[in-house]
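All figures in this text were calculated on a predicted structure; none of them were measured in a lab. When reading the values below, keep in mind they use all heavy atoms of this one structure, side chains included, and skip hydrogens, waters and symmetry mates.
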Amino acid sequence: MIQRCGDPRALSAECRGAVVAIGNFDGVHRGHQAVLDAARSEAVRRDAPLVCLTFEPHPRTLFRPDQPVPRLTPAPMKARLLSALGFDAVVEHRFDRETASLSADAFVAKVLVDELGARHVVVGFDFQFGAYRTGTPAFLVAEGAARGFGVTVVEGFADEGGAIVSSSRIRSDLGRGDVAVAAGLLGYRWTVEAPVVHGQKLGRTLGYPTANMAFASDDLLAHGIYAVKFRRADGTLHGGVASYGRRPTFDNGAALFETYLFDFSGDLYGETAEVSLFAYLRGEEKFDGIAPLVAQMDRDAAEARAFLAHATPLSPLDAAIAF
């Protein structure tokens, strides 16, 4: 299991002197993975521990609290992805006014040298840090040379069309329901984690009992019907079809993500589960009665089963997360 801590000083002794990848890494997408892979290669070369330094909450939450960033990967999911990529530890450094006020050289001296004892640091080409974002990759290279640690700066990662992969692109894709396009940029099927909560149990009356999950943000994923894989807390995996939205045929209430698990019966309430989204089947609709709704649900379930039967991993990371 990956070690998680919010304070660099709480990092185990075995993880000091590590190769440290630094960044927000929201989404842990293919661009981030270029940085993380470079760090892993450096750690193997140096026979050193591998640590990720990230920040919680997202810095924009502090600077623009009225415009919070919908998180692609909250801290627990980010840690799960980093673990699958071979990281020994992640430091989820608290980003508050004190952290934001640290000058770039103070951040290097305090966090990287004194607290982490970093042997080598890996960042992306656009990494900025310190008060007023005065710390740049060039500054970090110079500081490393002066303070005795190496620095690798990784160039931007472009997709097959030549466009830089970014978290904002992926958020836009998810907002349109383009989960397949998002998966191509992520390098894995986008996966969410949440507890299973009680709903109105409408699905039971329709022959489609569902596991209901409430997401932290309702403006990240398009409402609609999805082919998914559902991983229980014990690790067992089930295919399913999910509806995300407000149930306009019934109550148009608060948004819920409701998953019907294929070939499953049992009680899931209270479990924290993961759902990986494989395909967007259609948008949310309002039906004129129960019969046409159930008929469409039958078609959705059949389509989702067919899609999942032929789905294959996009990468080793996808295999670890969604299969």
Side-chain angles (χ1 to χ4, degrees), residues 2-26 28 31-64 69 75 78-79 82 85-157 166-167:
I2 191 170
Q3 181 185 351
R4 293 176 61 194
C5 59
D7 187 333
R9 293 168 295 184
L11 199 63
S12 67
E14 293 80 7
C15 287
R16 281 187 55 82
V19 173
V20 180
I22 312 177
N24 284 317
F25 301 123
D26 186 33
V28 194
H32 297 146
Q33 289 168 41
V35 176
L36 300 169
D37 288 347
R40 183 173 61 240
S41 296
E42 193 67 36
V44 170
R45 188 176 76 82
R46 294 173 176 271
D47 192 25
L50 182 57
V51 172
C52 180
L53 173 61
T54 187
F55 303 93
E56 292 292 339
H58 192 287
R60 201 172 90 178
T61 303
L62 179 68
F63 295 127
R64 285 183 275 175
V69 177
K78 187 187 298 183
L82 290 169
L85 290 171
F87 277 72
D88 299 301
V90 55
V91 177
E92 298 159 356
H93 198 297
R94 178 166 179 77
F95 195 84
D96 53 16
R97 291 291 177 186
E98 180 180 353
T99 301
S101 67
L102 280 176
S103 65
D105 56 347
F107 178 85
V108 171
K110 178 179 183 293
V111 179
L112 299 185
V113 176
D114 293 344
E115 296 178 346
L116 290 176
R119 190 183 309 184
H120 194 92
V121 173
V122 181
V123 297
F125 74 103
D126 56 353
F127 177 67
Q128 293 179 294
F129 65 102
Y132 305 106
R133 299 167 66 86
T134 55
T136 64
F139 174 85
L140 190 58
V141 169
E143 284 290 292
R147 295 178 181 273
F149 61 85
V151 176
T152 297
V153 180
V154 178
E155 292 302 313
F157 180 88
S166 69
S167 300

Residues Cys52, Lys78; criterion side chain to side chain contact (heavy atoms under 4.5 Å, CB included); working and verdict | CA-CA 10 Å; Cys52 180; Lys78 187 187 298 183; 5.8 Å; no
Check against side chain to side chain contact (heavy atoms under 4.5 Å, CB included), Leu36 and Phe25 = CA-CA 9 Å; Leu36 300 169; Phe25 301 123; 4.0 Å; yes
Pair Cys5-Glu92, side chain to side chain contact (heavy atoms under 4.5 Å, CB included): steps then yes or no | CA-CA 6 Å; Cys5 59; Glu92 298 159 356; over 6 Å; no
From CA spacing to verdict: side chain to side chain contact (heavy atoms under 4.5 Å, CB included), Leu85, Leu50 | CA-CA 10 Å; Leu85 290 171; Leu50 182 57; over 6 Å; no
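Aromatic ring centres of Phe129 and Phe127: separated by under 6.0 Å.
The side-chain heavy atoms of Leu140 and Leu112, taken from C-beta on, include a pair separated by under 4.5 Å. A heavy-atom distance below 4.5 Å is found between the side chains of Val121 and Phe149. Between Val111 and Leu53, the closest side-chain pair of non-hydrogen atoms falls below 4.5 Å. Within the 4.5 Å cutoff, the side chain of Asp88 has no heavy atoms near those of the Ile2 side chain. Between Val151 and His120 the shortest side-chain heavy-atom distance does not fall below 4.5 Å. Between Pro49 and Glu14 the shortest side-chain heavy-atom distance does not fall below 4.5 Å.
Other residues, nucleotides and ligands contribute only 12 or fewer heavy atoms inside 6.0 Å of the OH atom of Tyr132.
The closest donor-acceptor contact from the side chain of Thr152 to the backbone of Val122 lies at 3.5 Å or more, if one exists at all. The backbone N or O of Leu102 sits nowhere less than 3.5 Å from a side-chain atom of Lys110 that would complete a donor-acceptor pair. In this structure, Gln33 contributes its side chain and Val28 its backbone to a donor-acceptor pair below 3.5 Å. Side chain of Thr61 to main chain of Pro57: no donor-acceptor pair is present (N/O by atom type, distance under 3.5 Å, no hydrogens or angles). Using a distance-only test at 3.5 Å, with no hydrogens or angles considered, no donor-acceptor pair links the side chain of Arg16 to the main chain of Ala118.
Contacts classified as side-chain hydrogen bond (donor to acceptor under 3.5 Å, both in side chains) and involving residues 133-142 (residues at least two apart or in different chains) are given here: Gln128-Arg133.
Ser103 is linked by a side-chain hydrogen bond (donor to acceptor under 3.5 Å, both in side chains) to Asp105, counting only residues two or more places apart in sequence or in another chain. Remark: Ala48 pairs with Val19, Arg46, Arg119 by the side chain to side chain contact (heavy atoms under 4.5 Å, CB included) rule, at least two apart or across chains.
The aromatic rings of Phe55 and Phe95 stand perpendicular to each other, their planes meeting at an angle above 60°, with 30° marking the opposite boundary.
A salt bridge is absent between Arg94 and Glu56: the closest approach of a Lys/Arg side-chain nitrogen to an acidic carboxylate oxygen does not fall below 4.0 angstrom.
For Thr54 and His93, the side-chain atoms include no donor-acceptor pair closer than 3.5 Å.
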